[in-house]
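First the structure, in the form of structure tokens, and then the observations on it.
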Amino acid sequence: MSAAPAPAPASASASASLSVGSGRDRRLTGVAAMVGSGLSNQTGAAIGSLAFPVLGPTGVVAVRQYVAALVLLAVGRPRLRSFTRRQWGPVFLLALVFGTMNLSLYTAIDRIGLGLAVTLEFLGPLTIALAAARRRVDACCAAVAAAGAVTLMRPQPSTDYLGMGLGLLAAVCWASYILLNRTVGRRIPGAQGSAAAAAVSAVLFLPVGVVLVLREPPTGTAVGYAVSAGVLSSAVPYLADLLTLRHVSPAAFGLFMSVNPVLAALVGWIGLGQGLGLLDWSAIAAVVCANALSILVPRRT
């Protein structure tokens, strides 16, 4: 008869238990950060829309750009004087895309509602993800997403085609934003490039703020809504995403990002009374499922 295995030392078992527990805690922290980031982003957009009657989408976006610049400059601390012409090129392009993306999205929100606008915008990163794939399942996902987009944009007597077009412009800008961020990240270390682009974008929007103040001084409430939008939709998500990516895999992060259209629709429905029909909800679900399926199906090596 062989001897029974000796029990593991108390310190080793405690260490293993602590490791498992800490791993679980890290994942829970990451999930909580993702949920908080998504809800913060969409809640910020909803609160910002409350200032549209006074500031308009352009004014709200201007304030959001100012807030984003302050946060990113504090985090990235770019050494602007050391930037070369080769580095400034993509930074300026990123700044233009950043401002255009937010302006087109917020104008679309004003015209077609939060849920539909964010869903159309989400087609940008989804297209980038699917375009890089070479699997049959990705082709199916692209077809499902396209069907969802066509359903959302189906002709109706009340269809706002300009609002839909602005949502698609936001999608193009988001896709461009992703590609430009990669270029900026390769040429400029850390978050310096993103911070510089945010600062340039804020400078470009300074005339907008001056015109708004000179034309008609905004109310404190409207400015408060706009600042809240900047904090909730720029500062909180950026910092939360930094925390999230330390605790969850990029695949899990991308999967949760696909839930943002649903969160936007829910926030728009509950917070702004922007109800959607069953067909609209089905189309949003199709876009979300297309992204989720593309991420969940394992890639062959």
Side-chain angles (χ1 to χ4, degrees), residues 37 41 44-45 48 56-109 117-118 120-133 162 164-211 229-230 233-235 237-239 241-242 245 250 253-254 257 260:
S37 174
N41 196 359
T58 305
V60 174
V61 170
V63 175
R64 174 176 172 172
Q65 300 303 99
Y66 306 153
V67 173
L70 290 174
V71 173
L72 287 173
L73 285 173
V75 174
R77 298 181 180 181
R79 299 175 180 176
L80 301 179
R81 293 183 179 180
S82 66
F83 284 12
T84 64
R85 181 178 299 180
R86 183 172 177 271
Q87 291 173 322
W88 273 118
V91 165
F92 276 115
L93 287 176
L94 185 60
L96 290 173
V97 167
F98 187 36
T100 305
M101 176 177 68
N102 286 331
L103 183 58
S104 56
L105 174 63
Y106 273 56
T107 307
I109 290 172
V118 171
L120 291 175
E121 184 199 33
F122 185 73
L123 294 175
L126 177 58
T127 300
I128 292 291
L130 294 178
L162 178 57
M164 295 287 188
L166 288 167
L168 292 178
L169 175 59
V172 172
C173 288
W174 196 357
S176 303
Y177 181 80
I178 292 171
L179 297 176
L180 282 169
N181 253 321
R182 291 176 182 173
T183 302
V184 170
R186 286 193 294 265
R187 297 185 185 182
I188 304 173
Q192 292 188 61
S194 298
V200 171
S201 183
V203 170
L204 294 176
F205 273 90
L206 275 178
V208 175
V210 172
V211 169
S233 294
S234 294
Y238 180 78
L239 297 175
D241 291 348
L242 286 178
L245 289 170
F253 181 77
M257 284 292 291
N260 269 287

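Along the sequence shown, residues carry numbers from 1.
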Legend entry - side-chain contact (heavy atoms from CB on, under 4.5 Å) against Leu96, all qualifying residues, sequence neighbours excluded: Leu204
Legend entry - Shortest non-hydrogen contact from Pro78 toward Ala196: CG-N, 4.2 Å
Inset, instruction - Hey, could you give me the OG/CZ distance between Ser201 and Phe92, rounded to the nearest 0.5 Å? - result: 11.5 Å
Inset, instruction - Might you point out which heavy atoms bring Leu72 and Ala198 nearest each other, and give the distance in Å? - result: CD1-CB, 3.5 Å
Legend entry - Set of residues satisfying side-chain contact (heavy atoms from CB on, under 4.5 Å) with respect to Ala68, sequence neighbours excluded: Phe98, Ser234
Inset, instruction - Not counting sequence neighbours, which residues clear side-chain contact (heavy atoms from CB on, under 4.5 Å) with Arg81? List them please. - result: none
Legend entry - Minimum heavy-atom distance Val208-Ala62, with the two atoms named: CG1-CB, 4.0 Å
Inset, instruction - Would you name the heavy atoms of Asn102 and Val61 that are closest together and state the gap between them? - result: O-CG2, 3.5 Å
Inset, instruction - Only counting residues at least two apart or in another chain, list the ones meeting side chain to side chain donor-acceptor pair (under 3.5 Å) with Thr107. - result: none
Inset, instruction - List for me each residue that meets ring pair (Phe, Tyr, Trp, His ring centres under 6.0 Å) alongside Phe83, sequence neighbours excluded, and say none if there are none. - result: Trp88
Legend entry - Set of residues satisfying side-chain contact (heavy atoms from CB on, under 4.5 Å) with respect to Arg86, sequence neighbours excluded: Thr84, Arg187
Inset, instruction - Please name all residues satisfying side chain to side chain donor-acceptor pair (under 3.5 Å) with Gln192, sequence neighbours left out, ordered by chain then number. - result: none
Return a table of donor-acceptor pairs under 3.5 angstrom between the side chains of residues 170-185 and protein atoms on other chains or two or more places apart.
| from | atom 1 | to | atom 2 | distance (Å) |
| --- | --- | --- | --- | --- |
| Ser176 | OG | Val172 | O | 2.9 |
| Asn181 | OD1 | Ser194 | OG | 3.3 |
| Thr183 | OG1 | Leu179 | O | 3.4 |

Legend entry - Ser37: side chain to side chain donor-acceptor pair (under 3.5 Å) partners, not counting sequence neighbours: Asp241
Inset, instruction - Enumerate the residue pairs fulfilling ring pair (Phe, Tyr, Trp, His ring centres under 6.0 Å) with a member in residues 182-205, sequence neighbours excluded, ordered by first and then second residue. - result: none
Legend entry - Least distance between heavy atoms, Tyr106 atom then Ser233 atom: OH-OG, 3.7 Å
Inset, instruction - Report the distance from atom CD of Gln65 to atom CG of Leu206, rounding to the nearest 0.5 Å. - result: 11.0 Å
Inset, instruction - Looking only at non-hydrogen atoms, find the nearest pair between Ile109 and Ala45 and report the distance. - result: CD1-CB, 4.1 Å
Legend entry - Non-neighbouring partners of Asn41 that pass side chain to side chain donor-acceptor pair (under 3.5 Å), sequence neighbours left out: none
